[in-house]
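Take a look at the structure below.
In what follows, every chain begins at residue 1, and chains take the letters A, B, ... in the order their sequences are listed. Owing to the predicted nature of the structure, the values given are computational and were not obtained by experimental measurement.
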There are 2 protein chains.
Amino acid sequence: MKEKPMAEDRRPVKPITIWLIEDNARYRKTLSGLIIQTPGLTCPGSFGSCEEAFSSGKSLPAPEVILLDIGLPGINGISGIETFKTWFPDVNILILTVYDDHDRVFEALCAGASGYLLKDAPPEKIVDAIHEVVAGGAPMNIRIAHRVLEIFARMKPRKTDYGLTDREKEILQLLVSGLTKQEIADRIFLSFHTVNTHIKNIYSKLHVTTRSGAVSKVYRENIL
Amino acid sequence: MKEKPMAEDRRPVKPITIWLIEDNARYRKTLSGLIIQTPGLTCPGSFGSCEEAFSSGKSLPAPEVILLDIGLPGINGISGIETFKTWFPDVNILILTVYDDHDRVFEALCAGASGYLLKDAPPEKIVDAIHEVVAGGAPMNIRIAHRVLEIFARMKPRKTDYGLTDREKEILQLLVSGLTKQEIADRIFLSFHTVNTHIKNIYSKLHVTTRSGAVSKVYRENIL
DNA sequence: CTTAAAATACCACAAACGTGCGATTTCTGT
DNA sequence: ACAGAAATCGCACGTTTGTGGTATTTTAAG
């Protein structure tokens, strides 16, 4: 990790390019005003919807940060994130939300948003969040963070040890990838019979009797 | 989500039970001193290692929060989390770390920790973090949060639509669970031949030629 | 009403699979 | 040096799979 200059260090380096997507024209004006008045931030793109951004944004330079409202639009908000991420893989998307819409924000984070901020946050908070996300951070509510972590931890299920040997793991790997016994044998230069034996042992260790059972177990229980 | 009383509301309700696991006796004393001096917090358990906690902790009441050092021990730190989580499924584990050990903290979070705090944090920060985690929060560094989010988002891969019909999805589901064609047929009251046909079509839509290939694709690409 | 898509069903056959049994040859640790 | 685990190879046999067909009935959409 590299040390970044402190926030107080506001030399005229190249400013952070920000796009703003917010359906409420009033609030959009307020925000863009805040951004362009802040040294080190520019806002070349200000749109009322994702579609607008998609069509008008083609000619604009790639943004580093997108402030995106997911309040009303429904389809536009969440799915817009994915589209933006496709266009600009490195863009940092900050979600704008009025209230503490846990579910929506959660979906947004899953879709690739880097963080979020409440619309009624004071100006300096907003500017801070922008700098934070550019610096690699993830501004978000602690409760949402907790929920993310929960699901995150749940996805690392108990790694039961079935006592598979290295060779068995290797062969199981190939099995999982869809190869036949013969193909596996050819791949690792073994006799068909040897592979057969190994798979036999794998099945008994995994307590399965079919390929599909084995493959399922591998994925479900994070074996290998 | 239930509303909790504000932090300012310090009535003599039942205090938060905290366990402390830290190999440095000096720092352990400091911390436990801080905790017992703080109204609303108690520290009935203070141990120098996870093993110690495992053996001595049996007779103690279940903790709500565990402050756990993952600095030196190696095996004890991370794997201890899982053990504690098994013992006390609802316990909140806060990681203690000296420096910004990203990788270790990250592992800890994966293992089920709820957050972490730096050892050199001021006392009020520590107390705050404890209250925060009990209230359902997840005190953690913004950069770690970001990393968690990244991996989190990566786990939701593009859901390609292979144009499977409902029936096909149903059968694929059973296929994935390890049933044979005949078993599937029996399960949903179809002829073996019909199931055969469906699977044939599934394979062609999924561009696979084996069960394992199909099952792998289902898990890898989040089909179904 | 007509047409296409989906679901149902059947057959045959080669290929692949699962499993019983036995066997020899490295490794690895005490 | 020796025991036990792991890895290697072999065979036989019944079961299941994958694939090439064909064909009827429902269902959904125009």
Side-chain angles (χ1 to χ4, degrees), chain A residues 75 158-224, chain B residues 51 74-76 79 158-224:
Chain A
I75 182 163
R158 209 42 279 101
K159 216 165 198 171
T160 319
D161 188 16
Y162 289 98
L164 293 175
T165 67
D166 288 344
R167 198 51 151 174
E168 285 166 350
K169 284 178 190 168
E170 186 186 5
I171 288 175
L172 180 53
Q173 185 73 272
L174 297 170
L175 196 79
V176 165
S177 70
L179 301 185
T180 70
K181 292 173 180 177
Q182 188 56 61
E183 286 169 333
I184 294 174
D186 293 345
R187 183 76 69 89
I188 56 181
F189 307 108
L190 279 183
S191 147
F192 169 88
H193 303 291
T194 307
V195 174
N196 195 31
T197 305
H198 280 307
I199 291 181
K200 221 184 300 180
N201 296 330
I202 292 172
Y203 283 1
S204 93
K205 286 184 182 177
L206 255 46
H207 308 299
V208 296
T209 54
T210 60
R211 289 172 111 63
S212 1
V215 176
S216 272
K217 203 145 196 167
V218 165
Y219 280 103
R220 262 204 274 271
E221 306 187 18
N222 259 70
I223 306 171
L224 301 183
Chain B
E51 290 85 342
I75 183 161
N76 295 330
S79 62
R158 203 55 266 104
K159 218 166 198 170
T160 320
D161 188 17
Y162 288 97
L164 293 175
T165 68
D166 288 344
R167 197 50 150 176
E168 285 165 350
K169 283 178 190 169
E170 187 186 5
I171 289 175
L172 180 53
Q173 185 73 273
L174 297 170
L175 197 78
V176 165
S177 72
L179 302 185
T180 69
K181 291 174 180 176
Q182 188 57 60
E183 286 169 334
I184 295 173
D186 293 345
R187 183 74 68 88
I188 55 181
F189 307 108
L190 279 182
S191 147
F192 170 88
H193 304 291
T194 306
V195 173
N196 196 31
T197 304
H198 280 308
I199 292 181
K200 220 186 302 182
N201 295 330
I202 292 172
Y203 283 2
S204 94
K205 286 183 181 178
L206 254 46
H207 308 298
V208 296
T209 55
T210 60
R211 287 173 111 63
S212 0
V215 176
S216 272
K217 203 145 196 167
V218 165
Y219 280 103
R220 263 205 273 270
E221 306 187 16
N222 260 69
I223 305 170
L224 302 183

Measure from CG on B:Leu190 to P on C:dA7 and round the result to the nearest Å. 11 Å

What is the separation between atom CZ on B:Phe192 and atom C1' on C:dA7, rounded to the nearest whole Å? 17 Å

As a check of understanding: the bend across the helix from C:dA4-D:dT27 to C:dT30-D:dA1, end axes from five pairs, rounded to 10 degrees, works out to 70°

Polar contact flag, side-chain donor to acceptor under 3.5 angstrom, A:Glu168-A:Tyr162: no

Measure the distance from CG on A:Leu179 to C1' on C:dA15 and round it to the nearest whole Å. 16 Å

Is it the case that the side chain of B:Ser204 and the backbone of B:Asn201 share a donor-acceptor pair, with hydrogens and angles ignored and the cut-off at 3.5 Å? yes

Using whole Å, what does the distance between atom P of nucleotide D:dG21 and atom NE2 of B:His193 come to? 19 Å

Please state how far atom NE2 in B:His198 lies from atom C1' in D:dG18, giving the value in whole angstrom units. 16 Å

Nearest to the side chain of A:Thr180 - D:dT8, C:dT8, C:dC17? C:dC17

D:dT8 phosphate, OP1 or OP2: any side-chain N/O from A:Thr194 under 4.0 angstrom? no

Working note: A:Leu179 + A:Asp186, criterion side-chain contact (heavy atoms from CB on, under 4.5 Å); need CA distance, chi angles, decisive distance, verdict. CA-CA 10 Å; A:Leu179 301 185; A:Asp186 293 345; over 6 Å; no

To the closest 0.5 Å, what do you measure between NZ (B:Lys181) and CG (B:Leu190)? 14.0 Å

Interatomic spacing from CG in B:Leu175 to CD in B:Glu183 - rounded to 0.5 Å: 11.0 Å

Going 5' to 3' along nucleotides 18-30 of chain C, which nucleotides have protein heavy atoms under 4.0 Å from the base (write B), which only from the sugar-phosphate (write S), and which from neither (write -)? BBBB---------

Tell me: CZ of A:Arg167 to C1' of D:dA5, nearest whole Å? 16 Å

Quick one: on DNA chain D, does A:Lys205 or A:Phe189 contact a more 5' nucleotide (nearest heavy atom)? A:Lys205

Using a 4.0 Å heavy-atom cut-off across all strands, classify B:Ser191 as base, sugar-phosphate, or nothing. sugar-phosphate

May I have the distance from A:Glu183 (atom CD) to C:dA15 (atom C1'), rounded to whole angstrom? 12 Å

Without decimals, in angstroms, what is the distance between B:Gln182 CD and D:dT15 P? 13 Å

Between B:Thr165 and C:dA5, is there a side-chain N or O to OP1/OP2 distance below 4.0 Å? no

Does A:Leu174 offer a backbone N or O that forms a donor-acceptor pair with the side chain of A:Ser177 under 3.5 Å? yes

Listed partners of B:Tyr219 passing ring-ring contact (aromatic ring centres under 6.0 Å, His included), at least two apart: A:Tyr219

For the pair A:Lys217 (side chain) and A:Val208 (backbone), establish whether a donor and an acceptor sit closer than 3.5 Å, ignoring hydrogens and angles. no

Nearest-0.5 Å distance, CD1 of residue A:Ile184 to OG1 of residue A:Thr180: 7.0 Å

